[in-house]
Amino acid sequence: MDFFRQGYNAIRGPQGQPQSVDETIEKLADCLETATLLEDRRAGVLSLKGLVRDYPQNVGDGAFPGLVKVLHMDYADADITKSLLETFASLCTVNQPNSAEDIGYKYSDLFLKDTKNVTIVLDILEEFDFYVRYNAIKLLATLAANRMGGIQQCILTSPMGITRLVDLLNDRRDIIRNESLLLLTTLTQTNSEIQKLVAFQGVFEKLLGVIEEEEGISGGIIVQDSLALMHNLLRYNVSNQIYFRETSCMQEIPGLLGYVGDSDADHVPYSYEDWPPQKLANTVLVLELIRILTEPDGANTGVNQKFLAQSGILLPVIQLGICSNAPPVVRTEAIYALAFVIRANAINQDLFAKAVVASPPRMIDGQIDPEAPVGLPRPALVSLIALAVSADPDAHYSYGSRAAAAYAVCACVEENNDAQVVLASMLKTPPSDNINSNFADKPFSAGSLLLDAVQNWELSVKDPYKVWFACAILSHVIRGNEQAKQMAGAIEFGEEANGEEPVPLLHHIVAQLLMSLKVSTTNSRIPIAYLCLLCTWLYDSPSSVSLFLGESTHIQFLIQEIQSSANDPIVQGLAAFLLGITYEYNNDPHTPLDREKLQAILSSRVDLFTSVLARLRDSPALKNAGEYFQISTVDESVSSTTGSLPSLIIDNTFAEFFKDTYEHIQRSMKRKPSSYQKKQEVATPAGPESEQEIQNYRTTIQQQADELKQLREKVGQLESAMTALKTEDEKVRDQLKETEQERNSLKEQLQSAQTSQEELKKELAEAHTQQETLRNQVKEAEAGRAAAQESLSTLEKEQEDLLVCMGEQDLDIKKYRKRLRDHGEQVTDSEEEEEEE
C-alpha cells in the first residue's frame with residue numbers, strides 16, 4: 001500500500017491540486033534520479049509503468065534516462081526489475097512497422113546505444129523468477145525485431161550472453177523454453193558468429209532432447225521451432241556442420257523421421273499413417289535438414305553424404321517418397337532429400353541402385369486403398385522413373401513429386417560414367433512377343449520406361465511432362481559420355497526380318513519432333529524437350545553428328561522451323577543452336593554432308609540464326625530455369641486448382657550448358673570450313689616395302705634393342721645403388737626422427753616447466769598483492785579506530801561541560817526566583833513544583 005500511496009502523492013501534488021501528465025512524469029523521473037531509498041525508486045518505476053501504456057512518448061522523453069539509471073542500480077531486486085523490463089518493452093514496441101518514425105524504433109536505438117544495458121538484461125536472465133525471465137526475453141525479442149544488427153552486436157560483446165540464452169532451453173517451464181527458442185531462432189538467422197557460439201554451447205543435443213520429449217515429428221509447434229533453429233545453425237555454416245557430425249547428432253536424423261525398421265516383408269513404412277498439418281510441417285523440416293547438410297557443391301557435402309548413408313537414411317526417404325500415403329509436399333521433399341544424398345557420390349549411388357521397394361499400391365481419392373494388395377517389388381530406380389513419366393496408372397503424383405523423381409534419377413548418374421553406361425545399356429524396347437504385355441502392371445526396365453515415353457509423344461498431349469521428364473533424364477544419361485551416346489545411337493526401331501527398315505533412335509527422335517511440331521495443339525514443352533535432348537546428344541560427338549546427317553531432310557526441316565513465325569521463339573532458338581552444334585562438330589571423316597556443303601546451306605541465314613539465338617539467350621524461360629527441376633509451391637497450387645501447367649520449361653542444367661557454349665557456337669557458324677582442322681583417318685601403307693629397306697629397319701631395330709638392353713642393365717645397377725642409398729638414408733632419417741622426437745619431448749618438458757614457473761610467479765605476485773591489500777586494510781581500520789576513540793573522548797568531554805553548564809543554569813534560575821519572591825512577585829504553581837523538583 002505504501003507504493004500506491006507514494007505514487008498517488010506524487011501525482012496529487014502540493015495541497016491536493018491535480019497535476020498534468022508531464023508534471024507528474026517530471027516528478028517521477030526526478031524521484032528516480034535523486035531518491036536514496038529503494039522503496040521510493042520502486043514506487044516511481046511502478047507509477048511510470050502505469051502511465052506508459054497511455055503516454056509512451058511522454059514517459060520515454062521525460063523518464064528514459066532515469067529508468068536506465070535505476071536498471072543499472074537495482075537490477076538485483078526482482079520486483080523493481082520486473083516493472084522496469086515491462087516499461088522498456090512498452091516503450092520499444094513498434095505499433096506502425098511500416099513507419100520509420102514510430103517511437104518504438106527511437107527508444108530501441110536509445111536502449112542499444114549503451115551495450116551495458118543489454119548486458120544487464122542478459123545478467124537478469126540468471127534470476128529464476130518466472131516473470132523476470134519472461135519479461136527479459138520479451139524485451140530482447142522486441143529489440144531483435146526492431147534492430148537486429150544492434151542487438152546482435154550487443155550480445156556478442158557480452159561475455160556470458162550466448163551461454164545464458166542457451167541455458168534457458170533447460171528451463172522446465174514450457175513458456176520460458178519456448179520463448180527462448182523463438183529468440184534464438186531470430187538471433188541466428190543472419191549472423192554466422194552467433195550461430196557458431198550457439199552451436200558450441202551444446203545446443204544440438206538440447207534440441208534433439210526437446211524433440212524427443214515432444215514425440216518427434218508427431219509433436220507440436222515446439223518441434224517445428226527446434227528444427228527451424230537447427231536449420232539456422234547449419235545452413236551455409238561449415239564449422240557447425242562439422243560439429244553436428246562429430247557429436248554424432250547426424251546419426252539421429254533417421255530417428256527424427258520416426259523410422260523403425262521392420263522385418264515384415266509385407267509391411268511398407270508410412271503407408272497408412274495419419275498426416276495432420278503439424279506432423280506434415282515437422283516432417284518437411286527434417287527432410288529440408290537433410291538437404292541443408294548435402295547441398296550440392298558444399299564444403300562438407302561428400303562427408304555428410306557418407307555419414308547420412310551410414311546412419312541408414314536412404315531407406316526411410318525412399319519409402320516416404322515412393323511408397324507412402326504422405327501428402328504431395330512430403331513425398332516431394334523426401335525424393336529431393338534422396339537426390340541430394342546420392343548426387344555425385346558413387347558409393348551412395350551404388351547403394352541406391354541396389355534398393356528394392358514395393359511398387360505404389362492403388363489410390364482412391366488421393367489415399368491408398370487399404371484393400372489393394374501390396375505392389376510387386378522392383379528397383380527403386382525403376383519406381384522413380386515410372387513416377388516421373390507417370391507410367392503407373394493407379395498412382396497419382398503431383399508435378400512437384402514427378403519433377404523431384406526426375407531430378408533424383410539424374411542425380412543417380414551425376415559424375416558417374418559407369419552409372420551412365422549401365423543405364424544407357426538398358427535402353428532396349430521390349431520384344432513384340434513379351435508375355436507381360438497383357439498385364440496392366442507389367443514390369444519395365446529403367447531404360448524401356450524412358451524409351452516408351454520418348455517415342456510416344458502422342459500419349460503426352462494432355463501431359464507434356466511425360467516426354468519432358470523422359471528427355472531430361474535421357475539427356476543426363478548421355479551427357480559428356482561418348483560411350484553412352486554410342487550405345488544409345490546403336491538402338492534401332494524396326495526389324496528387317498519383318499520387312500521393316502531399321503531406324504536409329506536418333507532419327508526416331510527427330511521424327512517425333514517433326515510430328516509434334518506439325519500438330520498445332522501440341523504444347524511447346526514437347527518439341528523443346530526433344531530439341532534439348534538432341535543438342536546434348538550431338539554436342540562434342542562427331543560420330544553422333546554424322547549419324548544425324550545421315551538423313552538428308554533433317555537440316556532442311558530445322559531451317560524451316562527456324563524461319564516459321566508460327567513457332568515458339570524458344571523452339572526457333574533451340575533449332576538454331578542444334579544447327580550450330582551440327583556445323584561445329586561435323587568433322588567425322590565418314591560424314592554424309594561435309595562442312596563445306598553444310599556451310600553453303602547455312603551461310604545465307606547466319607544473321608537469322610544469330611538473332612533467334614540471342615532471343616533465346618534473353619528469354620525468361622532460360623533466365624528463370626529452376627534449379628533441380630524444382631516447381632514452386634505457387635505453381636503447384638495454381639496447377640492443382642486451375643489445371644494449368646507449371647512454369648518449368650527448360651532444365652537448369654541445359655540452361656547453364658547453353659550459356660557456357662552460346663558464344664562459341666554463335667562464332668562457329670560464321671567461320672569458314674577452311675579454318676577447321678580436318679580429322680584424318682589413320683593412314684595405311686600403299687604397298688609393301690622393299691626387302692632392303694625392311695632389312696635396314698630390322699638392323700636398326702636390333703641395334704636399338706641392344707643399346708636398350710645395355711641401358712636397362714645400367715639402370716638396374718643404378719637402381720641397386722639407389723636402393724642401398726635409400727636404405728642408408730632411411731636409417732639416417734630414422735635416427736634424425738628419434739633425435740627430433742627426443743628434442744621435442746625435452747622442449748615440451750622445458751615449456752611445461754616454464755609454464756609452471758610462470759604460474760607460480762603469478763600466484764606469488766597475487767599473494768603479495770593480497771598481503772599488501774590486507775596490510776593497507778588493517779592500517780585503515782586502525783586509523784579509523786583511533787579516530788573513533790578520539791571522537792568519543794571529545795564527545796564525553798563536551799557532555800561533561802554541558803552537564804556543568806546545566807547545573808550552573810539551575811542555580812541561577814533558583815536565585816532569580818528567590819529575588820522575585822523577595823520583591824513580592826507571585827510564582828505559579830508549576831514553577832514552584834519545578835523549583836521543588
Side-chain angles (χ1 to χ4, degrees), residues 318 322 335 338-339 342-343 346 348-360 375-392 402 405-437 439 441-457 459 466-495 502-509 512 529-530 533-534 536-537 541 544 547:
I318 289 172
I322 299 175
I335 297 174
L338 169 66
I342 66 175
R343 181 183 183 274
N348 290 359
Q349 288 167 342
D350 186 54
L351 289 174
F352 169 71
K354 296 176 182 177
V356 177
V357 296
S359 57
L376 296 173
R378 64 183 180 186
L381 179 63
V382 174
S383 290
L384 282 181
I385 296 177
L387 194 161
V389 301
S390 294
D392 292 319
R402 293 171 60 193
Y407 176 71
V409 178
C410 297
C412 190
V413 298
E414 185 77 16
E415 298 182 17
N416 191 330
N417 292 335
D418 293 338
Q420 287 178 295
V421 171
V422 169
L423 197 51
S425 67
M426 299 179 183
L427 295 172
K428 297 178 182 178
T429 55
S432 57
D433 57 348
N434 184 5
I435 60 174
N436 297 312
S437 300
F439 296 93
D441 58 344
K442 56 188 175 185
F444 283 96
S445 68
S448 61
L449 279 173
L450 291 177
L451 280 186
D452 187 62
V454 168
Q455 68 176 335
N456 295 313
W457 72 271
L459 303 178
K466 284 187 177 181
V467 170
W468 198 97
F469 288 135
C471 288
I473 293 172
L474 188 53
S475 296
H476 282 261
V477 170
I478 64 175
R479 184 183 306 278
N481 192 315
E482 186 62 26
Q483 185 180 357
K485 291 179 181 179
Q486 295 297 330
M487 296 177 73
I491 297 172
E492 294 181 339
F493 293 88
E495 297 181 7
V503 178
L505 173 60
L506 186 63
H507 291 186
H508 188 68
I509 291 174
Q512 296 294 313
Y530 283 131
L533 173 59
L534 290 171
T536 304
W537 195 331
S541 180
S544 299
L547 178 62

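Just so it is clear, the structure is predicted and the values come from calculations on it, not from any experiment.
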For Pro504 and Leu547, which heavy atoms make the closest approach, and how far apart are they?
CG-CD1, 4.1 Å
Residue set satisfying side-chain hydrogen bond (donor to acceptor under 3.5 Å, both in side chains) with Glu414, at least two apart, ordered chain then number -> none
Rounded distance (nearest 0.5 Å) linking atom CD1 of Ile509 with atom CH2 of Trp457:
15.0 Å
Nearest heavy-atom neighbours spanning Ala488 and Leu427:
CB-CD1, 4.2 Å
Any chance you could measure Lys466, atom NZ, to Arg402, atom CZ, to the nearest 0.5 Å?
7.5 Å
Would Val382 and Ser445 count as a side-chain contact (heavy atoms from CB on, under 4.5 Å) here? Give the steps.
CA-CA 7 Å; Val382 174; Ser445 68; 5.8 Å; no
Verify side-chain contact (heavy atoms from CB on, under 4.5 Å) between Asn481 and Val413, making sure each step is shown before the conclusion.
CA-CA 11 Å; Asn481 192 315; Val413 298; over 6 Å; no
Could you measure the distance from the CD1 atom of Ile342 to the CG atom of Leu351? Nearest 0.5 Å is fine.
10.0 Å
To the nearest 0.5 angstrom, please state how far the CG atom of Leu450 sits from the CD1 atom of Ile385.
4.5 Å
Distance in Å, Met487 CE paired with Gln420 CD, rounded so as to fall on 0.5 Å steps
11.5 Å
Look up atom CE in Met426 and atom CG in Leu381, then write down how far apart they are to the nearest 0.5 Å.
7.0 Å
Gly489 and Trp537 have their tightest heavy-atom pair at N-CZ2, 3.5 Å
If I compare all heavy atoms of Trp468 with all of Ala529, which pair ends up nearest, and what's the gap?
CA-CB, 3.6 Å
Compare every heavy atom of Cys412 with every heavy atom of Gln349, then report the nearest pair and how far apart it is.
CD-O, 3.2 Å
side-chain contact (heavy atoms from CB on, under 4.5 Å) between Leu534 and Leu506, worked out:
CA-CA 8 Å; Leu534 290 171; Leu506 186 63; 3.5 Å; yes
Taken in chain and number order and not counting sequence neighbours, the residues that satisfy side-chain hydrogen bond (donor to acceptor under 3.5 Å, both in side chains) with Glu482 are Gln486, Ser541, Ser543
Reference residue Leu384; test side chain to side chain contact (heavy atoms under 4.5 Å, CB included); the match among Ile318, Val409, Val357:
Val409
Can you give me the closest heavy-atom contact between Gln512 and Asn456, atom names plus distance?
OE1-N, 4.3 Å
Quick one: do Leu451 and Leu505 satisfy side-chain contact (heavy atoms from CB on, under 4.5 Å)? Show the steps, please.
CA-CA 9 Å; Leu451 280 186; Leu505 173 60; 3.8 Å; yes
